[in-house]
2 protein chains.
Amino acid sequence: MTVPHLTAVKCSECPIRHRAVCARCDTDELDRLESMKTYRSFAAGEAILWRGEPLEFVASIVSGVASLSKTLEDGRTQMVGLLLPSDFIGRPGRSEIEFDVTATSDVTLCCFDRKPFEKLVDETPHVAHRLMELALDELDSARDWMLLLGRKTAREKIATFIEMLVRRSDLRNAPNNHTTVLPMTRDQIANYLGLTLETVSRQFSALKKDGIIDFSDRKNLVVKNLFALHQETGDDSDGGVLA
Amino acid sequence: MTVPHLTAVKCSECPIRHRAVCARCDTDELDRLESMKTYRSFAAGEAILWRGEPLEFVASIVSGVASLSKTLEDGRTQMVGLLLPSDFIGRPGRSEIEFDVTATSDVTLCCFDRKPFEKLVDETPHVAHRLMELALDELDSARDWMLLLGRKTAREKIATFIEMLVRRSDLRNAPNNHTTVLPMTRDQIANYLGLTLETVSRQFSALKKDGIIDFSDRKNLVVKNLFALHQETGDDSDGGVLA
DNA sequence: GTCATGTGTTGATCTGAATCAAAGTCGTTG
DNA sequence: CAACGACTTTGATTCAGATCAACACATGAC
């Protein structure tokens, strides 16, 4: 899978250098970080962190997709965030989280023990600064998602989702014929968008029938017309001839 | 209006000392802050900040209620945040915001010019730390709201909203008979909850009929049974006698 | 007072998405 | 390769909440 964030910034292989920590890659602290890191893997479906559990480490996604979700007492759940490669898990200064973190696909994390990581953060203001930026970015995207959940129709939700995937996974193609991989099942997409899996499936079928997207298989998606994604129903039957 | 946050922390009158800046109130920096502050007022309905506009100041709400909202091209809008007295407006290190800020009622703000405020923040790590905490709090409540918008029913949305108001406005009453003031119109509540104003009105009526809440007038609300707020429909007709 | 105007309630109807139900597709394992 | 399970599609039906519409109730201006 392509990770534009990693190739965009020329720096060594550890993702945390890029998104979470280092806007100024030539400092000493990075060597300290480097010596602290460990890798952990989780199988698809496995829990990474439970709500309320003490937070032992911070981490950066190396590969795979993880999700943040909240659950009501009766089992209804809503994803509240999606973590793609190079994204950061962690709450500077917090020891608990308010949501579950689950591996959506097989996931590899690059982890740092929380305590020494926080010590490092406290001692290097530009790293703290970078983490604040990340938190504000998260806040902005959470608010975008609130608009989606509260006011968009099923088709608009799917369109926004596809557009987000294209934006994050495909930076080099021509304006049309973008390619993406759906990183999750219909059920998980439904949880992310505040829909049911049936509605997600129907909307994909409708977009396909309208010639806006196409599937080579269940996961691999071609967007044939990015602009039309955001248009009305594409009810193009042209008003057929009188019978 | 009662502002529990202000009375809970014994400190001088400026709200920014309490929520945004100062967990350690005896430092010199506060005097610098004190000399920087100015007050601004906005009438109900007036815009405080527009999306994309350069951000000239940070501020703390002294009185009144303001809201953050996002709007789709066709006019559908969704509130993405509600600012009550002592809440903070501002994005350390950012010069723009991604949403509109509007005065929901008449509002008074305690403002600080952004540049000198940020200088102060850069020079005093514990203030930066406090701002990070605020950002993470915001993120947590944004995610709670995502669960509400994506998965809760109209009744549950109203119940959660009422409970939030009670929690923030009324800390000293007995477990039942909590009192609150609805700080906004039905229409604004609907925008906050991802509903229409008619649905909001109907749900209030239903809760009243079920004896769970009561209105002395349109704005003043008594919660007679906080627990029952979160129960099922309260369809208590008991299965009447056979006709 | 009465006439606007903004706000709130209630009723009737419609509709988009949920729910219920049945098949179809793919990948895996024995 | 057959049989199983996980995932997906599609159809029929239902229902919560939206929409459309009318009226009620304040408040303030004149």
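Below, each value reflects all heavy atoms present in this structure, side chains not excepted, and no hydrogens, waters or symmetry copies. So you know, we letter chains A, B, ... as the sequences are listed, proteins then strands, and number each from 1.
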Task: For the student: nearest non-hydrogen atoms of A:Gly194 and A:Leu149, plus distance - done: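 Of all heavy-atom pairs spanning A:Gly194 and A:Leu149, the closest is N-CD2, 3.8 Å.
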Open item on the list: If the condition is salt bridge (charged side-chain N to carboxylate O under 4.0 Å, His left out), which residues does B:Lys152 pass it with, not counting sequence neighbours?
Closed with: none
Open item on the list: Rounding to an integer number of Å, can you tell me how far B:Arg155 CZ sits from D:dC15 P?
Closed with: 18 Å
- [ ] In whole angstrom, give the distance that lies between atom CG of A:Leu195 and atom P of D:dA16.
- [x] 18 Å
Is [X] salt-bridged to [Y], going by a charged N under 4.0 Å from an acidic O?
| X | Y | result |
| --- | --- | --- |
| B:Arg143 | B:Glu138 | no |
| B:Asp137 | A:Arg94 | yes |
| B:Lys224 | B:Asp210 | no |
| A:Asp74 | A:Arg76 | yes |

Quick one: list whatever passes side-chain hydrogen bond (donor to acceptor under 3.5 Å, both in side chains) with [X], sequence neighbours left out.
| X | value |
| --- | --- |
| B:Thr153 | B:Glu156 |
| A:Arg114 | A:Glu118 |
| A:Arg91 | B:Asp140 |

TODO: Check each residue of residues 184-193 of chain B for a non-hydrogen atom within less than 4.0 Å of any atom in DNA chain D, then write out the ones that pass by number, or none.
DONE: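 Those residues whose heavy atoms fall under 4.0 Å from DNA chain D, taken from residues 184-193 of chain B, amount to none.
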Please list, chain by chain and in numerical order, all residues satisfying side-chain contact (heavy atoms from CB on, under 4.5 Å) with [X], sequence neighbours excluded.
| X | value |
| --- | --- |
| B:Arg186 | B:Leu182, B:Leu197, B:Val200, B:Phe204, B:Phe215, B:Arg218 |
| A:Glu96 | none |
| B:Thr199 | B:Ala154, B:Leu195, B:Thr196, B:Gln203 |

Open item on the list: Just to be sure I understand the rule, does B:Lys219 reach a base, reach only the sugar-phosphate, or reach nothing, if contact means heavy atoms closer than 4.0 Å?
Closed with: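 Counting heavy atoms under 4.0 Å across all strands, the contact made by B:Lys219 is with sugar-phosphate only.
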Open item on the list: Considering only residues two or more places apart or on different chains, which pairs with a residue in residues 40-57 of chain A satisfy side chain to side chain donor-acceptor pair (under 3.5 Å)?
Closed with: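 Checked against side chain to side chain donor-acceptor pair (under 3.5 Å) - neighbours excluded - the pairs reaching residues 40-57 of chain A are A:Ser41-A:Thr108.
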Within the sub-3.5 Å range, which N or O atoms of nucleotides 22-24 of chain D have a protein N or O partner, and how far apart are they?
none

Open item on the list: Using a 4.0 Å cut-off to any heavy atom of chain A, which nucleotides of DNA chain C are the first and last in contact, reading 5' to 3'?
Closed with: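 Reading along DNA chain C, I get C:dA17 to C:dT25.
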TODO: Please work out which residues in residues 196-206 of chain B have a non-hydrogen atom less than 4.0 Å from an atom of DNA chain C and list them by number.
DONE: B:Glu198, B:Ser201, B:Arg202, B:Ser205
